[in-house]
Amino acid sequence: MRAIDIIAKKRDGLTLTKAEIAWFVDAYSRDSIPDYQAAAFLMAVYIRGMAREETVNLTLAMAHSGDVLDLSDVIGYAVDKHSSGGVGDKTSLVVLPLVASCGVPVAKMSGRGLGFSGGTLDKLESIAGYNVNLSDEEFRRLAKENGIVLSGQSKQLAPADGKFYALRDVTATVPSLPLIASSIMSKKIAAGANGIVLDVKAGRGAFMPTVESARELARVMVDIGVDAGRDMIAVISDMNQPLGSAVGNALEVAESIEILRGAGPADFREHCLQVAGYMLQLAGQGQRWTDPAEVRTLLENQLANGQAFAKFRQLVSAQGGDVRMVDDPSKLPQARIVEPFVAAQSGYIAQMDAQEIALAAFELGAGREKKGDPIDPAIGVKVYVKVGDQVDSGAPLVTIYANDESKLPACRAYLERAVGYSNSPVEPLPLFYDTIYGDREPGYA
Ligand code: URA
């Protein structure tokens, strides 16, 4: 085969065969296709799109470009979750121990922050000593012994995606539905998941700005998973305002611990209960945990009786983290400067723009501008109001946690842009917009 023929075929809007896609991905992974031809291919896909079976074939080719983890000998059925990225989204820190505490093992590989959305690894690293670089053997051993492990992605996992992603980033081909969907799903499939709950965010702080575009992405990813033999559920959740209150790494760990101890912000708690419920539903393989009310009671109990918290403690301890920080979150990195940001007027909150909030935290040093940049785990913001809340002028809306006085004016400017007021009542935003189920019963191999 020749790269030029495959590029021309896609350029002309024709459907590529499985063999053509597999050949192209394999040749590019082995550096026998140059970047300029891969870039032309990506642009052709961006413009022409892909049929369902092409997207599945692209995903499987990328998933098999490196190691494919098989966890069946250590945990049997592997259930995973993936968030498309958001602001204040620390859901994994809660749902993994929560689900594991119900006797369902979880072995997850997570990523770092991308753009203004935070990453689970960065959050966990605010706990001193926590090791995100486990060897394959350690990963498998902890999954088997403790039923919970949470580390970084091995370099051998879907390496073709790493190459394509870097090229997409510089060729204006990131926002393509088949390319995003295959990128995410190739990593999930390579990480050994049998059942996957996708949390696709929609709104100002999300990759997908509208519910429709998030639904479309979710549908494509669910279809890929189903065609690849996985059990799938996707939720479309709101990301117009931050999830919970904390935005910033150590602050988000502390807030997750609050939830695991039975307290914490109501919206974030509810989000975690829903996502964990879907994970149990998949892990129950259509036989256990079919009654949503029963699942809910079980999960609420695990938060109330300390079992979910104990599982988180076990996770941190097993990966070398300082559990004293878990037992007493005031020992997590703390910012030197703590300042309020107050309401400029009385009224109803009409907007608490997640993207502007993220940029406010980013300005203080909570995120990276480029790969490898250091981040300050202590800093960030806590947001106390939600869209629809009524506030009085001068009421505290946000607390700023900073380590550098000179960053405060720019941070405040972002916060001012984030908040919108209305004189008349405003409807609260929903937490979820939709749930999309894979069209096969959970549990088939
Ligand atoms: N996350 C990914 O892993 N890939 C994309 O293309 C977009 C988000």
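Quick note: residue numbers are just sequence positions, from 1. Start at 1 and go down the list; that is how both ligands and their atoms are numbered.
Listed by number with element, the atoms of ligand 1 under 4.0 angstrom from any heavy atom of Y165 are 4 (N), 5 (C), 6 (O), 7 (C). For ligand 1, the atoms closer than 4.0 angstrom to any heavy atom of S183 are 2 (C), 3 (O), 4 (N), 5 (C), 6 (O).
Taking the ring axis of F268 as reference, the NZ or CZ atom of K90 stays within 45° of it and closer than 6.0 Å to the ring centre. Remark: K10 is not positioned above the aromatic ring of F41, lacking an NZ or CZ atom under 6.0 angstrom from the ring centre and at most 45 degrees off the axis.
Geometrically, ligand 1 and D161 share no nitrogen or oxygen pair separated by less than 3.5 Å.
For the residue pair Q319 and Y130, a side-chain donor N or O sits within less than 3.5 Å of a side-chain acceptor on the partner.
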Please evaluate residues N403 and D376 with respect to the criterion side chain to side chain donor-acceptor pair (under 3.5 Å), reporting the C-alpha separation (whole Å), side-chain torsions for both, the decisive distance (0.1 Å), and the verdict. CA-CA 9 Å; N403 273 330; D376 182 343; 2.8 Å; yes
